[in-house]
Amino acid sequence: KYAIVNDHIINREEAKVDIEDRGYQFGDGVYEVIRVYNGKMFTVKEHMERFVRSAESIGIKIPYASENITKMLEDLIEKDNLKLGIVYMQITRGAAPRNHAFPAGDVVPVITAYTKEMPIPEANLQSGVKTILTEDIRWLRCDIKSLNLLGNILAKQKAAEQGCYEAIQHRGQDVTEGSSSNVYIVKNGTVITHESNNLILKGITKDVILKVCAENEIPVEERTFSLEELAQADEVFLSSTTSEVTPIVVIDEKKVGTGSPGPITKKLQALFKQEIENQCGI
Ligand SMILES: Cc1ncc(COP(=O)(O)O)c(CN[C@@H]2CONC2=O)c1O
């Protein structure tokens, strides 16, 4: 197995970072998770655009062009002979004596990446998943895909301790998103999901879903929706690079709708699968 450290592909076990790397000490960095189907990265252009946007949002200048990074990721996938899985990639502000303020300009950001085999979560896609509700205690720049994931992992851990797949987060009565996913309700045939602002991550999968909704005359409302609307929804589902379009069938031990994945969710799963086939030829 190999890994990328800056602009080298090296053996995975040799990939190390300094103990004063700011990603390690402050979470001072941003990341992306990109899906690989049939040995090809899915929506890689959109992931690279968000990677650059997130880095720029915190003042990190990526020292390589997106095309070069993409090529390095393709070489890594090739060397690892990855057919179905993910690429994890992050950039930190680099290693420097510990100080909250940014280091001097000569400190070079550190990019690392590696691949992981990951099957398609067929059982979850087929039967749906159980979730809990939890207050969204995160900061107010959730649009930046930062390494600051404490709020996210504490929410996910709370779900895991209750045998659930995801935690649906809310600020007061307003539903925001999952700990590592976007969340949608379906009511009377309309898909409703939080608008992309500072309170949620603008998911790449969400953008694909909105695109196929538009192409197939499925009405969409991008707006805040309430816990009450969530409880009254006909269907609920979540999306992410690794979860694709996953039906939610239980929330806080209460069944959603009939307790089985709904027709709009299933239609969106089929349309999403078609997008993967179009791009990655599976
Ligand atoms: C907080 C949060 N919201 C939404 C999403 C969905 O975004 P994408 O559709 O672009 O994946 C993610 C995905 N986070 C990545 C995806 O898989 N694992 C992760 O940590 C996320 O962490």
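Both counts, for ligands and for their atoms, begin at 1 and track the order of listing. Please read these numbers as outputs of a predicted model, since none were measured by experiment.
- S180 CA, 3.4 Å is the protein heavy atom nearest to atom 22 (O) of ligand 1.
- Per-residue contacts place N152 under 4.0 angstrom from the following atoms of ligand 1 (heavy atoms of the residue considered): 1 (C).
- For ligand 1, the atoms sitting less than 4.0 Å from at least one non-hydrogen atom of N182 are 4 (C), 6 (C), numbered in the order shown with element in parentheses.
- Relative ring orientation between Y31 and Y88 is described as parallel, the plane-to-plane angle staying below 30° on a 0-90° scale split at 30° and 60°.
- Using 4.0 Å as the threshold, K145 has a heavy atom nearer than that to some atom of ligand 1.
- Annotation: T241 places an N or O atom under 3.5 Å from an N or O atom of ligand 1; distance criterion only.
- Taking atom 7 (O) of ligand 1 as the reference point, the nearest protein heavy-atom neighbour is G203 CA, 3.4 Å.
- Screening V5, I62, D7 for a side-chain contact (heavy atoms from CB on, under 4.5 Å) involving I111 leaves a single residue, I62.
- Residues L73 and I86 do not share a hydrophobic cluster, clusters being chains of Ile/Leu/Val/Met/Phe/Trp/Tyr side chains in contact below 4.5 Å.
- When each of M41, R35, K40 is tested with Y37 by the rule side-chain contact (heavy atoms from CB on, under 4.5 Å), just one qualifies, namely R35.
- Residue Y165 places its OH atom among more than 12 non-hydrogen atoms of other residues, nucleotides or ligands, all under 6.0 Å distant.
- Of the listed options E177, E32, E46, E177 places a heavy atom closest to atom 3 (N) of ligand 1.
- In E122, the CD atom is crowded: over 12 heavy atoms of neighbouring residues, nucleotides or ligands sit closer than 6.0 Å.
- For the ligand labelled ligand 1, residue S179 lies inside the 4.0 Å heavy-atom shell.
- At a heavy-atom distance under 4.0 Å, no atom of C142 approaches ligand 1.
- With ring centers used as reference points, Y184 lies 6.0 Å or more from F225.
- Protein heavy atom closest to atom 20 (O) of ligand 1, with residue, atom name and distance, is Y31 OH, 3.1 Å.
- Note on E222 versus K206: salt bridge recorded, some NZ/NE/NH1/NH2 to OD/OE distance being below 4.0 Å.
- Summary of contacts: the protein heavy atom closest to atom 9 (O) of ligand 1 is T205 OG1, 2.7 Å.
- For atom 17 (O) of ligand 1, the nearest non-hydrogen atom of the protein is T242 OG1, 3.2 Å.
- Under 4.0 angstrom from ligand 1, there are no non-hydrogen atoms of I86.
- There is a path of hydrophobic side-chain contacts, each under 4.5 Å, that joins L238 to I185.
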